[in-house]
Amino acid sequence: MGIYHRIVARQVRNAFTQISAGNWEAMVAGMAPSFTYRFYGDHALGGERRTHEALRRWWERCFRLLPGTRFEVQDVLVTGWPWDTRVATAVTVHVNVVDGSTYENVVHQFLRIKWGKITEVRTLEDTAVLQRTLDRLAAAGYAEAHAEPIVG
């Protein structure tokens, strides 16, 4: 299983590299036909998505509010078999926010993968740090920073 786990870890790292380059569509394409993508917190980026279209709208919002988001992967832990793989990541996110400020946070993400397709993503980052950034954006006129979560 060592080789399989190394391949999955490399693919996960590559996915973060792709998203950092602005290609979040590759991540959407990696989702299974039936999936759950949960970002914890009661804010504009929070909520649960279960369709590719809702996930695309969510990524579009992320990059409107936090353009140039760059992910620095700290850890990728992989366990399981191809039919039930679990992945845990620790990632630092760096952003030059649209209001001119900077944003940095630590993200922990847990994934479940079945036969190469992601069936579940649970994302948790320091929501207090994120909320302060969203509040600052809303105060600067970026109303979407206080929009209802994208669900669906």
Side-chain angles (χ1 to χ4, degrees), residues 3-32 35-80 82 85-114 116-138 140 142 144-147 149-152:
I3 292 173
Y4 171 70
H5 290 165
R6 283 194 297 276
I7 290 169
V8 171
R10 186 174 58 234
Q11 289 173 331
V12 168
R13 288 178 184 278
N14 184 52
F16 280 108
T17 299
Q18 289 291 316
I19 295 167
S20 294
N23 180 16
W24 46 263
E25 185 62 42
M27 187 270 175
V28 174
M31 304 304 285
F35 68 88
T36 302
Y37 189 104
R38 178 87 174 130
F39 192 106
Y40 292 97
D42 185 20
H43 49 73
L45 299 179
E48 186 172 286
R49 283 139 298 278
R50 294 178 174 271
T51 68
H52 291 85
E53 181 54 34
L55 189 55
R56 280 186 188 94
R57 290 193 337 265
W58 183 82
W59 276 112
E60 289 166 353
R61 176 179 284 176
C62 286
F63 274 82
R64 279 193 300 274
L65 294 172
L66 305 169
T69 296
R70 189 173 49 84
F71 295 97
E72 181 185 346
V73 178
Q74 308 301 319
D75 290 303
V76 178
L77 306 172
V78 181
T79 189
T85 306
R86 285 163 287 146
V87 179
T89 65
V91 179
T92 303
V93 60
H94 307 274
V95 183
N96 293 321
V97 185
V98 294
D99 70 350
S101 66
T102 58
Y103 172 76
E104 187 171 292
N105 209 337
V106 176
V107 177
H108 295 278
Q109 196 167 65
F110 302 92
L111 298 89
R112 179 158 264 157
I113 303 170
K114 294 185 182 193
K117 290 293 189 178
I118 302 167
T119 60
E120 181 182 16
V121 178
R122 291 177 286 143
T123 304
L124 179 63
E125 64 182 87
D126 187 331
T127 56
V129 173
L130 177 57
Q131 189 64 59
R132 282 194 300 272
T133 298
L134 293 172
D135 290 346
R136 199 173 54 252
L137 285 170
Y142 297 92
E144 189 172 26
H146 277 176
I150 295 170
V151 295

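Quantities reported herein were computed from a predicted structural model and do not represent experimental measurements.
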Problem set entry | Asp126 (side chain) donor-acceptor with Asn105 (main chain) under 3.5 angstrom |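 It does not hold such a pair.
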Exercise. In terms of the angle between their ring planes, are Phe35 and His52 parallel, tilted or perpendicular, with boundaries placed at 30° and 60°?
Worked result: perpendicular
For this session: Walk me through it: do Thr85 and Tyr4 pass the test side chain to side chain contact (heavy atoms under 4.5 Å, CB included)?
Result: CA-CA 10 Å; Thr85 306; Tyr4 171 70; 2.5 Å; yes
Exercise. Out of Arg122, Glu48, Glu120, Arg50, which one pairs with Thr36 under the side chain to side chain donor-acceptor pair (under 3.5 Å) rule?
Worked result: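 Of all the options given, the one that passes is Arg50.
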Problem set entry | Heavy-atom closest pair, residues Arg57 and Val151 |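 So the two residues come closest at NH2-O, 3.8 Å.
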Exercise. Do Leu130 and Phe39 have side chains that get closer than 4.5 Å, going by heavy atoms?
Worked result: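 Yes, side chains in contact.
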For this session: Check whether any side-chain heavy atom of Leu66 lies under 4.5 Å from a side-chain heavy atom of Val97, and answer yes or no.
Result: yes
For this session: Supply the atom-to-atom distance Lys114 NZ to Arg86 CZ, rounded to the nearest 0.5 angstrom.
Result: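 The distance works out to 10.0 Å.
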For this session: Indicate the atoms forming the closest heavy-atom contact of Ala145 with Ala44, along with that distance.
Result: O-CB, 3.4 Å
Problem set entry | Rounded distance [0.5 Å steps], CZ in Arg13 versus CD in Glu72 | 10.5 Å
Problem set entry | Pairwise side-chain contact, Ile19 with Thr69, heavy-atom cut-off 4.5 Å (strictly under) |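 Answer no - side chains too far apart.
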Exercise. Just wondering, do Arg61 and Glu144 contact through their side chains at under 4.5 Å, heavy atoms?
Worked result: yes
Problem set entry | Flag, side chain of Ser20 to backbone of Phe71, donor-acceptor distance under 3.5 Å |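 Yes, because the side chain of Ser20 sits within donor-acceptor range (under 3.5 Å) of the backbone of Phe71.
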For this session: Starting at OG1 of Thr17, measure out to CZ of Arg10 and round the result to the nearest 0.5 Å.
Result: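 It is 12.0 Å, given to the nearest 0.5 Å.
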Exercise. Roughly how far apart are Thr102 OG1 and His94 NE2, rounded to 0.5 Å?
Worked result: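 It is 10.5 Å, given to the nearest 0.5 Å.
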Exercise. Taking it one step at a time, do Val87 and Ile113 satisfy side chain to side chain contact (heavy atoms under 4.5 Å, CB included)?
Worked result: CA-CA 8 Å; Val87 179; Ile113 303 170; 3.9 Å; yes
For this session: Using a 4.5 Å cut-off on heavy atoms from C-beta on, say whether the side chain of Leu55 contacts that of Trp24.
Result: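 Answer no - side chains too far apart.
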Exercise. Does Arg70 use its side chain to pair, donor to acceptor, with the backbone of Gly68 at less than 3.5 Å?
Worked result: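 A pair under 3.5 Å: no.
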For this session: Give the minimum heavy-atom separation between Pro149 and Gly46, together with the two atoms involved.
Result: CB-O, 3.2 Å
For this session: Ignoring hydrogens and angles, state whether a donor on the side chain of Gln109 or Thr123 is under 3.5 Å from an acceptor on the partner side chain.
Result: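 Present: a donor and an acceptor within the cut-off.
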For this session: To the nearest 0.5 angstrom, please state how far the NE2 atom of His43 sits from the CZ atom of Arg132.
Result: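 The CZ atom of Arg132 is 12.5 Å from NE2 of His43, to the nearest 0.5 Å.
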For this session: May I ask you to decide if the ring planes of Tyr37 and Trp59 are parallel, tilted or perpendicular, using 30° and 60° as cut-offs?
Result: perpendicular
Exercise. Quick check: does any side chain N or O of Arg49 sit under 3.5 Å from a backbone N or O of Ile150, one acting as donor and the other as acceptor?
Worked result: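 Flag set: sc Arg49 to bb Ile150 pair under 3.5 Å.
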Problem set entry | For the student: nearest non-hydrogen atoms of Asp99 and Ala140, plus distance |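 Residues Asp99 and Ala140, closest heavy atoms: CB-CB, 4.4 Å.
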Problem set entry | Nearest heavy-atom neighbours spanning Gln131 and Asp42 |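 Of all heavy-atom pairs spanning Gln131 and Asp42, the closest is OE1-O, 3.7 Å.
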Seminar exercise, completed: In short, Leu124 meets Tyr40 closest at the heavy-atom pair CD1-CB, 3.8 Å
Exercise. Sub-3.5 Å donor-acceptor pair from the side chain of His146 to the main-chain atoms of Leu137, do we have one?
Worked result: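 No, His146 side chain to Leu137 backbone: no donor-acceptor pair under 3.5 Å.
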For this session: Report the distance from atom CG of Leu65 to atom OG1 of Thr133, rounding to the nearest 0.5 Å.
Result: 10.5 Å
